[in-house]
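So that the names make sense, note that chain A is the first sequence line, chain B the second, and so on, each numbered from 1.
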Amino acid sequence: MGFRLTPQENSFYDLFAKSASYLVSGSRELTTLLGVPHDEREAVATRMREIEHAADEATHAIIRKVNSSFITPFDREDIHGLASTLDDCMDMMDAAVDLIVLYRIGDLPSGVSDQVEVLSRMSELTADAMPRLRSMKDLSGYWIEINRLENQADQIYRRLLAGLFNGDFGADTLTIMKLKEVVEELEAAADAFEKVAHKVESIAVKES
Amino acid sequence: MGFRLTPQENSFYDLFAKSASYLVSGSRELTTLLGVPHDEREAVATRMREIEHAADEATHAIIRKVNSSFITPFDREDIHGLASTLDDCMDMMDAAVDLIVLYRIGDLPSGVSDQVEVLSRMSELTADAMPRLRSMKDLSGYWIEINRLENQADQIYRRLLAGLFNGDFGADTLTIMKLKEVVEELEAAADAFEKVAHKVESIAVKES
Amino acid sequence: MGFRLTPQENSFYDLFAKSASYLVSGSRELTTLLGVPHDEREAVATRMREIEHAADEATHAIIRKVNSSFITPFDREDIHGLASTLDDCMDMMDAAVDLIVLYRIGDLPSGVSDQVEVLSRMSELTADAMPRLRSMKDLSGYWIEINRLENQADQIYRRLLAGLFNGDFGADTLTIMKLKEVVEELEAAADAFEKVAHKVESIAVKES
């Protein structure tokens, strides 16, 4: 019988994969929110909240595991940092959904769909990359693509704000202020995904 | 005669305790500001500025001590990081006070008092936890409670902004913009307290 | 013949110096932008974009070098962190230029020139300090001065926003919102320069 790593050691990767899988579910709810009638948004927000809670649990499971493990696959601090940055992505997507409902926003400019599309792609790439932490191989494609998508998100965000401010969407000042909060939260989510990629890159650099 | 750690080694803890004690003083001035007539706010801001300067001095004392000590109780970088994150809490509470005076804001919505109450509690918990860095024991209660308070602060903040935007406070657009700056600065202070707690948690994880 | 460090080892310092030199070029374009007629701003923005791309290339050259070097002059993570924080300074100055053009902003309040003057000084100090990373000597003057400038930037920023909100500039609400975005981006650039200085300070602390 060959040598096998203990299940304990392996499961950090499983926990990261689980944590990132919630990002995929969360970004799907975000996409759903944009398509449903306004009076069904609250129901989407409730499901989003549940996903956010489950993601929170996954983050805490990682932290607890770090604190109780004698050996960890990479630096304790890095595990800590990666877990909490993944959590930030979720928190910000959840916040965007929450704000759309709380601010009783009506129609959303089409640029918001573009932002959400980028976040969906980022979620999938991130969930897809997590299992590769085990071998630390084939990760550079992931972080290069995330960086590219973050630049794209940045362009969408700036043009969207410029459009709002220059009256393209025909909204009154208070509505512009509300929409600005939402598009900023979505942009912050894209930034958080980039931070996850930077974290993964710096772990890979250290461990290589 | 028993063995005793040298005073030099001990005093890092004293310096952190001192630094955090300014946060308690600062949060008290914040609370005072909300209760005094508008024309007495400038006097509160002056006292706040003095506390902020004293806190700055405490931060620099820690940095100087790190640079000149041969042995430090935990990683130099972590001492550095903790000191500057504590300083951020102070800076942000000071900034909020400054903005209220600078923007010549009149009445404040009641949600601002709720934000300040959470910051007061966070200040006390943080000041209370610093001496326990020495033993690295009984700290988990502190960071769990700070996390809980930060979630509460987040809820207050979002509902407060939603209320402002939806006209609950009956303010004009420019006043809403000014109030938004103040509540955002207070929310940033709550985030900074959470970062202090994360820092303490990650130091405890490393040193355990 | 005396002992000489290999060119490979040396060139990290050269790369950091190069990266920081783009900040000087970028801050010069920012200054130019404030002086040209509005219809020449787009041309400045185009040159700024080119500088930003060149700076990006310099950042990636550092990252590639870290990944392929067996020996590095200081911690891989710190090299990584310093490179990406330098990049943030550039990105934020570029974003400010971009926003001024995108939002079709007319005249800018004089406080914006004060912000840009501080950024120019910060760029020069930073470019000037990079070669001293080699000896890790005479760096404290640099970070002390950057901290002082950042405090000054903070004062300018707050007074500028207060002036905008209190009607000193006589702008309508939407114009105030646009100008706010620009002054915030410039303030974020000043913060990023301070983060570079903190990074240099913490590297110096570790290596000493």
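Salt-bridge formation is detected for the pair C:R158/C:D154: a Lys NZ or Arg NE/NH1/NH2 atom is positioned less than 4.0 Å from an Asp or Glu carboxylate oxygen.
For the pair B:F169 and B:L179, the minimum side-chain heavy-atom distance is below 4.5 Å. The closest side-chain heavy-atom distance from B:D114 to B:L160 is not below 4.5 Å.
Of the two parts of C:L164, neither the backbone nor the side chain holds a non-hydrogen atom closer than 4.5 Å to a non-hydrogen atom of chain B.
Within residues 34-57 of chain B, the residues having any heavy atom closer than 4.5 Å to a heavy atom of chain C are B:R49, listed by residue number.
At least one donor-acceptor pair under 3.5 Å links the side chain of C:S27 to the backbone N or O of C:V24. B:N166 places a side-chain N or O within donor-acceptor distance of the main-chain N or O of B:A162, the cut-off being under 3.5 Å.
The aromatic rings of B:Y13 and B:F74 are tilted relative to each other, their planes meeting at an angle between 30° and 60°.
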